Protein chains: 2
Amino acid sequence: MSDTANTRPTLAAVAARAGVSASTASLVFSGRGPVADATRARVLEAAAELDFAGPDPTARSLRRGRTGVIGVVTEDSLGDAFRDPINLALLDGLGDELADEGYGLLVLPWAPGSSVDLAAAPMDAAILLGCSADLAHSVEVLQQRRIPLVAIEAPELPGVVPIDLDNAEAARHGAELLRELGHERVALVTLPLDVDRTRGALTPEREAAATAFTASERIRGARAVFPDAGGVSAGGSTVGEGYAAGQALLQVPDAERPTAVIAQSDLLAAGVIRAAEELGIAVPDDLSVLGFDGIRLDGITSHALTTLVQPAVEKGRAAGRAVRAALAGDTPDAVTLTSELRRGATVAAPPPPGGQSL
Amino acid sequence: MSDTANTRPTLAAVAARAGVSASTASLVFSGRGPVADATRARVLEAAAELDFAGPDPTARSLRRGRTGVIGVVTEDSLGDAFRDPINLALLDGLGDELADEGYGLLVLPWAPGSSVDLAAAPMDAAILLGCSADLAHSVEVLQQRRIPLVAIEAPELPGVVPIDLDNAEAARHGAELLRELGHERVALVTLPLDVDRTRGALTPEREAAATAFTASERIRGARAVFPDAGGVSAGGSTVGEGYAAGQALLQVPDAERPTAVIAQSDLLAAGVIRAAEELGIAVPDDLSVLGFDGIRLDGITSHALTTLVQPAVEKGRAAGRAVRAALAGDTPDAVTLTSELRRGATVAAPPPPGGQSL
DNA sequence: TTGTAGGCGTTATCAC
DNA sequence: GTGATAACGCCTACAA
């Protein structure tokens, strides 16, 4: 009953108690070697007596060169990173490929000046999640660690496996639909342009200074069709931000009011729709609204959103597979996933110039 | 230019190249010892030349006995765990207290039979998040590891620091409000009763078999006021599940229809409200709906929900503080946080027995 | 201010 | 089947 101390028992202690060598005890726990049944039993018994949970993970990691941990580096705060339904779907995919393989996910909210030390976090590989243009900065220290790096929707970087989405192409595709319907005055509601998440009108300067890759790419795609489209950058991908953006864009003289809004996420689109409805602007008759993502709106809006559906879960799976491949010594291929236009009921031809349906 | 190999450089290699001993090089990186400026410079130069990122985290952890990682053990899949706004708020609080202190959060979705090995995950402490009654099981191996354990809203367990919410008391408080208003036919819409998340009518058997602590506590509180209240358990804390539950409860002969619904989360409440509205049942005139959590509904419903506001962020903070205290050698106190009734506009006196406002 | 020695707890390798 | 030995890469007394 009276155990020596409350200090963690070691494998050596268990071995001693069982009257075997440490190596043999090790074999019992790792299962990678032949051990006589009687010996095994004795070791396990000794372990039970000492309340020994198993080999120390840190020591094991040092010896084996593997921690069983995959880092997920995000630029947002913990909460914010997971408040985006797209990231949640991605996590589902990652879980499928990694957690189910026994890997743990180490979430590292990293921003310049953050107290999280990417050089010191124990991990076998890292996935760069909502990381923006100065990716290079954060990546540098990770590169030095010689661990596999996977970046999701990020600018290309040598040595980093990219898991990409056809953001620009998809946005262009959506914009084309609007043009074909006859729209000319189109406004953008973009995702945050940088880590500051400043809400405000799009200006050439702000766009030039933008560091958010996904937002920039989607802007680029929309501009390929509507080169002069103005708009607003939101402070986050939320209904509330979309609502604010919608108000800013729609509370203007009728002649200036856009006939269509290209929102960079479904939540933003839902906010725009709400703003429109409150102003008595009918969707889609007076205003077309295009979303992005294809998430389940689950009653956030009753409209069937016309949107670009991205394979978010698959994005996570692809990232997970890439990590596993890299860890297995292979060189994972770059992946580019494609989004698909889903026609809902929020896009239509623009209202006739004179007629006001109000 | 031609570095010896592509294998990770070690502190020893850097030291050798700088012409100093390993211990001196160590001092340079840990900063906890006097080093001559010239020496330091030479070491850093050598490090740069070898593209050395810093001491190996695993080796450092072994030596120091600290990994800088806090485990967060969840019973749900990764995505599901973070799909709950309450958990997100909690994460915000946790981030404040832990990530900002440089700790990383290792997310471990653990369920019986899961491939995640709680005995092998490198961590200095663990926070048990949505973990249910057979907590004891998962905790056993963690106890053996002699690391501090903090459980959020879980049954008490020796050696585990509890961070609790007054779930039963708050639910009772809300139920009392309804009774004071004159309600007698009250139905419950509960959170999932177990990891299966089976949706279905509440029965004594199902309740007895329930493993979800929070759900059980909130049921208990409501029953203290309405001992006979029946209801439905949802398959998750979502608007969709609330909607389904609402339909099940409200599509019955008028005489049997509850005059009030106690939902165990705001999302569920929002779903119930939607179902009611679709059935032409006015809230709160024909039906009172009480929520729980006090999250921002951000346009999910336009009603100002009457709900029990819980300090979710503070829950996370408290957990984070408890972990830090334990790691510092202190014995953290148990914490019980209290929820507060916020009167919105979804609760009113029941409709007069005969009168049908339809 | 710097170097030496020893060990953190495991596991791989090779004898026996 | 089992045991000795030697790392894994680092840090911390302590000595110089």
Side-chain angles (χ1 to χ4, degrees), chain A residues 4-5 7-44 46-47 50 52-68 117 119-124 144-147, chain B residues 5 7-43 46-47 50 52-68 117 119-124 144-147:
Chain A
T4 42
T7 150
R8 256 210 238 10
T10 70
L11 188 53
V14 172
R17 187 172 186 111
V20 299
S21 78
S23 354
T24 304
S26 174
L27 290 183
V28 170
F29 285 100
S30 69
R32 50 176 101 231
V35 181
D37 285 348
T39 315
R40 174 196 320 287
R42 242 176 327 128
V43 170
L44 291 178
L50 269 73
F52 176 73
D56 180 87
T58 314
R60 181 206 282 264
S61 298
L62 175 59
R63 184 60 241 236
R64 300 236 264 221
R66 283 287 166 91
T67 63
D117 184 356
M123 53 189 175
D124 299 336
Q144 291 184 320
R145 289 184 59 174
R146 321 283 204 275
I147 59 178
Chain B
T7 151
R8 255 211 238 8
T10 70
L11 189 52
V14 172
R17 185 172 188 112
V20 300
S21 80
S23 43
T24 305
S26 175
L27 291 183
V28 170
F29 285 99
S30 69
R32 51 176 100 232
V35 181
D37 285 349
T39 314
R40 175 196 319 289
R42 239 174 332 127
V43 170
L50 266 65
F52 176 73
D56 180 87
T58 313
R60 183 209 281 269
S61 298
L62 176 58
R63 184 60 240 244
R64 301 237 265 221
R66 284 285 166 93
T67 63
D117 185 356
M123 52 190 176
D124 299 336
Q144 292 184 319
R145 290 185 59 174
R146 321 283 205 274
I147 58 178

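A, B, ... follow the sequence lines: proteins, then strands. Residue 1 opens every chain. From a predicted model like this one, the values you see are computed outputs, not experimental measurements. Side chains are part of it too, since the values below use all heavy atoms of this structure and drop only hydrogens, waters and symmetry mates.
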Looking only at side-chain atoms of [X], point me to the closest of [options].
X       : options                : answer
A/Ala36 : C/dG3, D/dC10, D/dT2   : D/dT2
B/Ser23 : C/dT4, C/dT2, D/dG9    : C/dT4
B/Ser21 : C/dA12, C/dT4, C/dG6   : C/dT4
A/Asp56 : C/dT10, D/dG9, C/dT2   : C/dT10
B/Phe52 : C/dT11, C/dA12, D/dC10 : D/dC10

Could you tell me whether [X] contacts a base, only the sugar-phosphate backbone, or nothing, with contacts defined as non-hydrogen atoms closer than 4.0 Å?
X       : value
B/Pro55 : sugar-phosphate
A/Leu62 : base
A/Arg8  : nothing

Any [X] side-chain nitrogen or oxygen under 4.0 Å from OP1 or OP2 of [N]:
X       : N      : answer
B/Ser26 : D/dC11 : yes
B/Ser61 : D/dC10 : no
A/Ser30 : C/dT11 : no

[atom2] on [Y] to [atom1] on [X], rounded to 0.5 Å:
X        : Y        : atom1 : atom2 : answer
B/Arg63  : B/Asp56  : CZ    : CG    : 14.5 Å
A/Thr58  : B/Arg64  : OG1   : CZ    : 13.0 Å
A/Gln144 : B/Leu50  : CD    : CG    : 10.5 Å
B/Ser61  : B/Met123 : OG    : CE    : 13.5 Å

Spacing of [X] atom [atom1] relative to [N] atom [atom2], expressed in whole Å:
X       : N      : atom1 : atom2 : result
A/Arg42 : D/dT2  : CZ    : C1'   : 11 Å
A/Arg64 : D/dA6  : CZ    : P     : 22 Å
B/Asp37 : C/dT2  : CG    : C1'   : 15 Å
B/Arg32 : C/dT1  : CZ    : C1'   : 18 Å
A/Arg66 : D/dG9  : CZ    : C1'   : 17 Å
B/Leu11 : D/dT12 : CG    : C1'   : 13 Å

Presence of donor-acceptor pair under 3.5 Å, side chain of A/Arg60 and base of C/dT10
no
Could you check whether the side chain of A/Arg63 and the base of C/dA12 have a donor-acceptor pair of N or O atoms closer than 3.5 Å, going by distance alone?
no
B/Thr39 or A/Ala22: which one's nearest nucleotide on DNA chain C is closer to the 5' end?
B/Thr39
Counting distance only, does the side-chain N/O of A/Asp124 pair as donor-acceptor with the main-chain N or O of A/Thr67 below 3.5 Å?
yes
